[in-house]
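Heads up, the thing below is written out as structure tokens.
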2 protein chains.
Amino acid sequence: MLESAGSSTEPREPVITRENVTAKPIDAHEPWMRGLHADTGYLLYRLGLRSGQLFNACLQESGLRLRHYAVLRFLATTDGALQRELSARLGYDPSAIVGLVDDLEKLGFAERRPSPDDRRSRIVVLSESGRDFLRDTADDGLRVTGELLGPLDPAERETLHALLLRIAEDGLN
Amino acid sequence: MLESAGSSTEPREPVITRENVTAKPIDAHEPWMRGLHADTGYLLYRLGLRSGQLFNACLQESGLRLRHYAVLRFLATTDGALQRELSARLGYDPSAIVGLVDDLEKLGFAERRPSPDDRRSRIVVLSESGRDFLRDTADDGLRVTGELLGPLDPAERETLHALLLRIAEDGLN
DNA sequence: CAACAACTATTGACGTCAACAATTATTGCT
DNA sequence: AGCAATAATTGTTGACGTCAATAGTTGTTG
């Protein structure tokens, strides 16, 4: 990398270079010295960030973000959900759901309807154009996933998905 | 940009309940109708969030966050790194590195040293107490990972780690 | 049945964080 | 010497999570 003895000004003090910094060698056998990527948790964190970024970049042109997309996908599976259900299942704060549903309503992708059982609650339902949007962007979603999983063959993707699902089902959703 | 079918005021429709909302059945065979967890990318996103939260909760008592921890771990592997190297390798904005190194310096875990080659650059090195911190918190890190990977047996954790590593090495780092 | 506790959606405030432009000091090029 | 490029830094903006507070509604209980 960059290695040069260009010490032009201070010959006095033992110049601090990368070499004598490494003077104290790191013991690769010590578990706390493993690289970052040796930690599955950290790997998940980084890959999760990347996945989110890819999704958001893909959704950018639609004016939506990953959170909106998550709400839409959830509504597609369980037509008609109370906002408190969305909050609980998706893990977002109730106050966040308000804005998300506002945006979706503004775009005509979802609709708030009064609950006949409880006038406090509102039932959020997916609209027709919401369904259309999901259908139209399905390819993009698959493309993102494909780009993310890059070097994995179908069988490996299957096992990865199964493993992640096992983790997710435990404590999440 | 997007068509909006925002017909919000339609008194003509009969009372909407959860039952007749479900009247329009979802076709589970349509790929865009799969559940949220059917998408590996979204799974990664959610699990990454959870992993980050667990790490941050664990580091909370130290006054550090996951980003600081990432910098420390990286410094432990490649003693003496320029800030721009930290930025490039960790994927954080250069302006973010400034604050992170500030915090680490304030805690005495790292040190900024002038580069003899280029007076613009600063070499960030891990200090002794930084090393101590990494050693002391190694167990916490392992505990977090263990808690996260909960229901997986050692062999499964191994395969999961290998798969994630393959993805991470492609385009990340 | 009247008072009270719990709940639903909503708003607002606060702190964190990432992404981007702008600035300063320095270097390399020609 | 002049000028583009670079490293670190500052400042700004917008997204985001968390918490507190409120209004309207429901259920319960004395």
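Every chain is numbered from 1 and lettered A, B, ... according to where its sequence line falls, protein lines coming before strand lines.
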*Provide, to the nearest angstrom, the distance between the CZ atom belonging to B/R84 and the P atom belonging to D/dT9.*
14 Å
*Report the distance from atom CG of A/L90 to atom C1' of D/dC16, rounded to the nearest whole Å.*
15 Å
*Counting only side-chain N and O atoms of A/R122, is one of them less than 4.0 Å from OP1 or OP2 of C/dA9?*
no
*Mind checking side chain to side chain contact (heavy atoms under 4.5 Å, CB included) for A/L86 and listing every partner two or more places apart, or none if nothing turns up?*
A/V71, A/F74, A/L75, A/A81, A/L90, A/I97, A/V101, A/V124
*Just grab all the ring pair (Phe, Tyr, Trp, His ring centres under 6.0 Å) pairs involving residues 107-153 of chain B, residues at least two apart or on different chains.*
B/F109-B/F133
*Mind calculating the distance between CG (A/L49) and C1' (C/dC17) to the nearest angstrom?*
11 Å
_B/E105, CD: over 12 other non-hydrogen atoms inside 6.0 angstrom_ = yes
_pair B/L164-A/L160: side-chain heavy atoms closer than 4.5 Å_ = yes
_N-O pairing of A/D153 and B/R166 below 4.0 Å_ = no
*Could you tell me the separation between the CG atom of A/D103 and the P atom of D/dG14, rounded to a whole number of Å?*
15 Å
*Measure from the side chain of B/V98, starting at C-beta and using heavy atoms only, and say which of C/dT10, D/dT10, D/dA15 lies closest.*
D/dT10
*asked:* How many whole angstroms separate atom CG of A/L59 from atom C1' of D/dA15?
replied: 15 Å
*Should B/D118 and B/L82 count as side-chain neighbours, where that means a heavy-atom distance under 4.5 Å?*
no
_First of B/I97 and A/L66 reached from the 5' end of DNA chain D, by closest nucleotide_ = B/I97
*Atom CZ of B/R113 and atom P of D/dA8: how far apart are they, to the nearest Å?*
16 Å
*Length of the CG-C1' vector between A/L86 and C/dT10, whole Å*: 15 Å
*Atom CG of B/L100 to atom P of C/dC17: distance rounded to whole Å?*
9 Å
_Quick one about B/D39 and A/T145 (side-chain donor to acceptor, distance below 3.5 Å, no hydrogens or angles considered), yes or no?_
yes
*Go along nucleotides 19-30 of chain C 5' to 3' and tag each nucleotide: B for a protein heavy atom under 4.0 Å from its base, S when only backbone or sugar atoms are that close, - otherwise.*
SB----BBS---
